[in-house]
Amino acid sequence: MTRHLLDVDDLAPAELDAVLALAGRTDLPPVLAGTGVAMVFEKASARTRSSTELAVVQLGGHPVYIQEHEVGIGVREPASDVARTLACYHRVICARVRDHGTLQDMAGALDAAGAPVPVVNLLSDLSHPCQAVADLLTLRDEFGPTGLAGRTVAYVGDANNVCRSLAKAAATAGMAVRVASPAGYGFDAEEVAALAAAAAAAGRGGTVEVVDDPKAAADGAHALYTDVWVSMGQEEEAVARRRAFAGYTVDDALLAAAAPDGVVLHCLPAHRGEEITASVVDGPRSRVWRQAAHRRTAMRGILSWIVGHGAGAPTLRPWWEGGPR
Ligand code: CP
Ligand code: NVA
């Protein structure tokens with residue numbers, strides 16, 4: 001079966017471990033040799049595009065960067081047709097999309113067609129799993145590969161795509177995840193229950209809980225994480241969001257509530273003076289550049305794993321002829 005990565009919970013806990021282990025290797029074989037990886041971007045990117053492109057090259061593959069206006073998903077043709085077209089040339093389709101449904105349409109069309117081409121989410125409105133893998137790699141550097149279980153990560157700010165994937169990944173690794181968001185910008189009760197249930201099912205002692213205020217979230221935390229208040233695509237809500245998030249800035253006072261060895265994470269881009277102060281993001285406890293660097297190691301692990309789980313090697317027989325390739 002071809003496996004897709006639309007969010008962290010597409011991976012069983014042991015599979016997430018396997019991705020992390022692959023990401024940690026410097027001797028990965030060139031599993032993408034002679035094959036292409038499509039990288040479709042409907043939104044801007046400084047980190048994801050470069051890190052994915054470099055990871056593909058380091059695994060022997062050929063990345064093709066495709067901007068939104070070039071393919072026009074849903075405008076020029078439907079996502080299902082774009083996916084089936086790209087599957088004629090590429091071993092893996094990676095995409096950054098406005099609407100998570102686009103990724104589901106792509107994966108669904110490929111599965112229905114019997115095309116053994118995985119879809120990897122490079123950020124959607126709902127999730128950012130590749131970032132979450134880099135986040136775990138960064139935390140493992142800090143606390144040791146077996147040192148995450150029992151530690152706490154506090155996320156202060158918008159319960160968004162980055163927060164959702166982080167919560168899933170960190171809880172799967174056995175961490176206690178605390179999320180503090182202003183009213184109207186947090187996970188709803190149903191989602192918190194689902195995240196908590198998944199954390200329990202992972203069986204590593206991880207938990208997910210929502211707390212009332214940033215200080216309560218940060219109290220004794222080993223990692224303090226935040227992300228922008230206005231995500232890509234939410235620009236029209238900027239004024240209302242900045243007003244709602246007042247008091248949720250990760251600043252020195254909040255960091256003082258964290259554990260003495262607690263570190264600061266941010267997926268970037270950072271907006272100094274909004275969700276985080278310059279003193280914190282540029283301070284000695286910040287690990288944001290290590291995190292950014294790990295986007296490339298994470299992609300090496302993700303692509304290596306996914307190619308080993310149902311991605312068919314391209315041959316002269318394309319997917320639409322069916323049968324073995
Ligand atoms: N963190 C992250 O995904 O950054 P970019 O949006 O620059 O790719
Ligand atoms: N939440 C942000 C993350 C950017 C990497 C966004 O979606 O714009």
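Note that the structure is predicted; figures quoted are calculated from it, not measured. When a ligand or atom number is given, it counts from 1 through the structure's own listing order.
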Quick one: does Pro269 get an N or O within less than 3.5 Å of an N or O on ligand 2?
-> no
For ligand 2, find out whether one of its N or O atoms is nearer than 3.5 Å to an N or O atom of Ser231.
-> yes
Mind checking side-chain hydrogen bond (donor to acceptor under 3.5 Å, both in side chains) for Arg164 and listing every partner two or more places apart, or none if nothing turns up?
-> Glu191
Are Arg98 and Asp125 close enough for a salt bridge, meaning some N to O gap below 4.0 Å?
-> no
Side chains of Tyr248 and Asp213: is there a donor and an acceptor less than 3.5 Å apart?
-> no
Taking the minimum heavy-atom distance to atom 1 (N) of ligand 2, which of Asp227, Val230, Val162 ranks first?
-> Asp227
Any Thr48 heavy atom less than 4.0 Å to ligand 2 | no
Not counting sequence neighbours, which residues clear salt bridge (charged side-chain N to carboxylate O under 4.0 Å, His left out) with Glu53? List them please.
-> Arg49
For Leu123, the atoms of ligand 2 under 4.0 Å from one of its heavy atoms are 3 (C), 4 (C), 5 (C), 7 (O)
Counting both backbone and side chain atoms, is some N or O of Lys43 under 3.5 Å from an N or O of ligand 2?
-> no
Identify whether the distance between the nearest side-chain nitrogen and carboxylate oxygen of Asp27 and Arg25 falls below 4.0 Å.
-> yes
Less than 4.0 Å from some atom of ligand 1, heavy atoms are found in residues Ser45, Ala46, Arg47, Thr48, Arg96, His128, Gln131, Cys267, Leu268, Arg295
Quick one: look at Asn161 and ligand 2, take heavy-atom pairs under 4.0 Å, and tell me if it's side chain, backbone, both or neither.
-> side chain
Which side-chain N or O atoms in residues 108-120 pair as donor and acceptor under 3.5 Å with protein atoms at least two apart or in another chain?
unit_1	atom_1	unit_2	atom_2	d
Asp111	OD1	His4	NE2	2.9
Asp111	OD2	His4	NE2	3.3

Under 3.5 Å, is there a donor-acceptor pair between the Asp135 and Tyr225 side chains?
-> yes
